[in-house]
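Each chain gets a letter, A, B and so on, in the order the sequences are listed, and its residues count up from 1.
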Amino acid sequence: MELSVWFFILSALFLGWSSGANNASNIFGTAVVSKMLKFRTAAVISGIFVILGSVISGGGTTKTLNDLGSVNALAGSFAVAAGAGISIILMIRSKLLVSSAQVIVGAIIGWNLFTDSPTDYFSLYKILLSWITSPIIAAVFGFLLFKLMKATVLKWKIHLLEFDTYTRFGLILAGALASYSFGANNIANVMGMFVSSVQLPDLPIAHIFVLNGEQQLFLLGGISIAVGIFTYGNQVINTVSEDFNRISPITGFVAVSAEILVLFLFTSQKLEQFFIRSNLPPVPLVPLSTTQAFIGAIIGTGIAKDPHSVNFKVLGKIASGWVIAPAVAGLITFVSLFFVQNVFEQKVILSEPYELTASVMTELSSEGIRTEAIGSLVNVRFKTKKEFRVELLQRSRFTKEQLYKIFSCSIIDSFYIDTNRLYKNFDISLLTPEQLQEIKKQHGEAFNHKIDFQQALFRSRTVWGAANDTLSTIELHKTMTTLEDLFRVSAASHN
Amino acid sequence: MFLKKTKKLEAQIDEYLDLVIKGGLIFKLGIKCYLENQTAEFEHHLLELRKAEEDADDLRRNIEIKLYTRTLIPEARGDVLGILESCDKALNTTTETLLEFSVEIPVIVSELKNDFLEISDRSISCLENTVSGIRSYFRNVDAVRDYVTKVQFYRKETNKIAEKIKRTIYRTKSDLSYKMHIRDFAFHIEKIAEQSEDVCDRLSIAIIKRLE
């Protein structure tokens, strides 16, 4: 592996460090501000659980963020991560509590604008909506949880010292869970961009377990987040403590618990499956942000405790930060991409060839896009997105959403069906004998478009058809996505 | 297991409050013995009270150190320390008062003996209810108000008795020095109730903070 890759990873580690510092406040901030825990203790617990979360449960990529714009060149990733990291530090310096995800979204849009890539507005709206729904849902939970505590625990005649011990224990537990969840959900934002570019050999640890390449990268990212919490978290906590100074330990505990509960309830696929299996109505899965959920929970708890205690000035400041942060991140990323491309002469985007095929045209027509005007472009290969866009727009006035759909369908992707990979890297028990037979039939076939791959592999409705119950449908869909990733020839190896 | 240290500290606080109650009871017995001229018993009670006070002092310091070093109850620590210190002052006042009796040996005329018994009884009632209030502050905040009300009631009672003693003594034909001497003793005993009321004032503020 080239040395330059490690240099590019430095920016991801910087992003990890800054997001660790930034998020320390919504994990253990209330416990430290209310003097229930020493910062050092909080940082050690948080660091350990962030690393565990990153390595054990870290997701390969964040789908929603990937949909928003896929940064495909290492130098581009470097600039995006650096832009996001710098923005987080600037926000911390301006005493604004923002979420890392907000900054990363801004940075990706900055990359999209610089590279002239399309932004998936549906994903963007989904993310923007989550910035509104997260605090609202968390506020409702914070409110209800505090009322529940008041009606039960606070009425029990527990000795003040015992209550203090329970609260402290609760704060540690909640903080540890929040740290784990933060590590698991955030590591992809930090390291996800490098997973396909960095191939590391498996690393056995004391003959107990083996860390694969991805996990080693996530461990590195997790450590950078933990270092961020340890080295700069205290300053961030001190900065926001002016806004949180009236938070009592029990309010802090309720707020962090509400935050975790909301994140768990509304983002856990396992919980959704459990509900479905138990014949219960499933909770809708919504992408939620930790920081926003935390702020919402604080507000909800505050309203439950005393509606007059909510400081709308502070809220206004936080809300303004949520608008400023992505904009600043977008701008800084745009500028850093300019430097990386023009001063250091690095490729910030890999050329993505596009081609309209008959199958793509059929798919576009089925989506309601008028394809008559672009019929002459069928089977013409375009080397860059810019070229393709110009040709498309010359022929018809497509909306941004339609353009996004055309781009995502006609991008040349590489699939090669190799059943050896199936046995090596896939849990065969997930497939029915008929499905396995179908895959075997396609062994050795290669495809340049995702639609062609899907149509060839999943064409049999009887084998791959939707099941009657929701759970099987979700699982089938998951299996199909995993197969797609399995047979995709990665950009790195392709190039 | 993590509650072991907490339970130990809770027991120490209870032990401290038990010593305050014990001190109050010894004080009452001491005054009774003094008024009945049982000097040996009185001196024995004084010794007992001084021992209880010293033990309570040590225990309070120990509790304070633990509360600080283990950064326990960060929100209420200031209030709890203030309450315990203020309660300690009330116990000190009982010891000092009994010591004054031992040193100055005031002559209590027979018509005032009953009043002195009553004023010491009411003052110690104040102290006892204060201790109950403190115990409730730790376990059952809602009950603190009741004890505070009782303390305020007994405080007014001691005030009335002290006034009665002063009026009675100043209407006798004794020397002014003697009158002033007796007045001071009524004042000393009344001070126990006053000190208890101070503790309750702190308690009243502390419960508002806890209920916030």
Side-chain angles (χ1 to χ4, degrees), chain A residues 28-42 45 146-147 149-174 176 237 241 244-255 301-311, chain B residues 1-18 59-60 62-84 87 132-147 202-203 205-212:
Chain A
F28 272 116
T30 53
V32 174
V33 169
S34 60
K35 296 190 178 78
M36 288 298 269
L37 278 182
K38 286 180 190 153
F39 173 73
R40 189 179 284 265
T41 316
I45 297 168
F146 190 83
K147 288 281 178 199
M149 287 281 278
K150 207 172 174 185
T152 54
V153 182
L154 296 181
K155 287 235 181 292
W156 298 340
K157 289 166 189 167
I158 303 170
H159 195 284
L160 179 63
L161 286 166
E162 262 175 64
F163 192 72
D164 177 78
T165 310
Y166 292 135
T167 312
R168 207 172 288 250
F169 185 72
L171 279 167
I172 292 175
L173 193 71
I237 290 175
S241 68
F244 294 157
N245 62 354
R246 288 199 59 198
I247 291 177
S248 66
I250 192 72
T251 319
F253 168 69
V254 172
T301 317
I303 292 173
K305 198 177 167 192
D306 174 17
H308 301 290
S309 69
V310 180
N311 188 340
Chain B
M1 199 180 74
F2 60 91
L3 275 178
K4 203 175 163 189
K5 282 184 181 174
T6 311
K7 289 271 184 199
K8 201 176 163 195
L9 188 58
E10 272 176 49
Q12 279 187 320
I13 292 175
D14 277 333
E15 203 184 322
Y16 169 77
L17 295 174
D18 289 346
L59 208 49
R60 179 183 56 80
N62 202 314
I63 293 165
E64 283 180 1
I65 289 168
K66 279 184 183 162
L67 285 177
Y68 262 116
T69 52
R70 290 194 213 150
T71 59
L72 297 170
I73 46 170
E75 272 224 310
R77 189 167 54 218
D79 290 330
V80 169
L81 295 180
I83 288 165
L84 293 182
C87 185
S132 301
I134 297 173
R135 284 195 211 274
S136 296
Y137 171 78
F138 285 110
R139 281 195 188 279
N140 180 15
V141 187
D142 296 333
V144 175
R145 243 180 111 92
D146 300 339
Y147 294 111
R202 282 176 179 270
L203 265 180
I205 301 293
I207 56 163
I208 294 170
K209 280 198 204 165
R210 273 200 67 191
L211 292 171
E212 233 183 20

**Q** Let's go through Lys7(B) and Glu162(A) carefully: what are the C-alpha distance in whole Å and the side-chain angles of both, what is the deciding distance for salt bridge (Lys or Arg N to Asp or Glu O under 4.0 Å) to 0.1 Å, and is it a yes or a no?
**A** CA-CA 7 Å; Lys7(B) 289 271 184 199; Glu162(A) 262 175 64; 3.0 Å; yes
**Q** Any side-chain heavy atom of Leu72(B) sitting closer than 4.5 Å to one from Arg168(A)?
**A** yes
**Q** Report the distance from atom CZ of Phe163(A) to atom CD1 of Ile73(B), rounding to the nearest 0.5 Å.
**A** 12.5 Å
**Q** Which atoms form the tightest heavy-atom contact between Ser34(A) and Pro74(B), and what is the distance?
**A** O-CG, 3.2 Å
**Q** Are Leu67(B) and Leu161(A) packed together at the side-chain level, in the sense that at least one heavy-atom pair is separated by less than 4.5 angstrom?
**A** yes
**Q** Looking at Arg70(B), I want to see if its CZ is surrounded by more than 12 non-hydrogen atoms of other residues, nucleotides or ligands under 6.0 Å.
**A** yes
**Q** Can you tell me which of Lys157(A), Lys35(A), His159(A) forms the most heavy-atom pairs within a distance under 4.5 Å of chain B?
**A** His159(A)
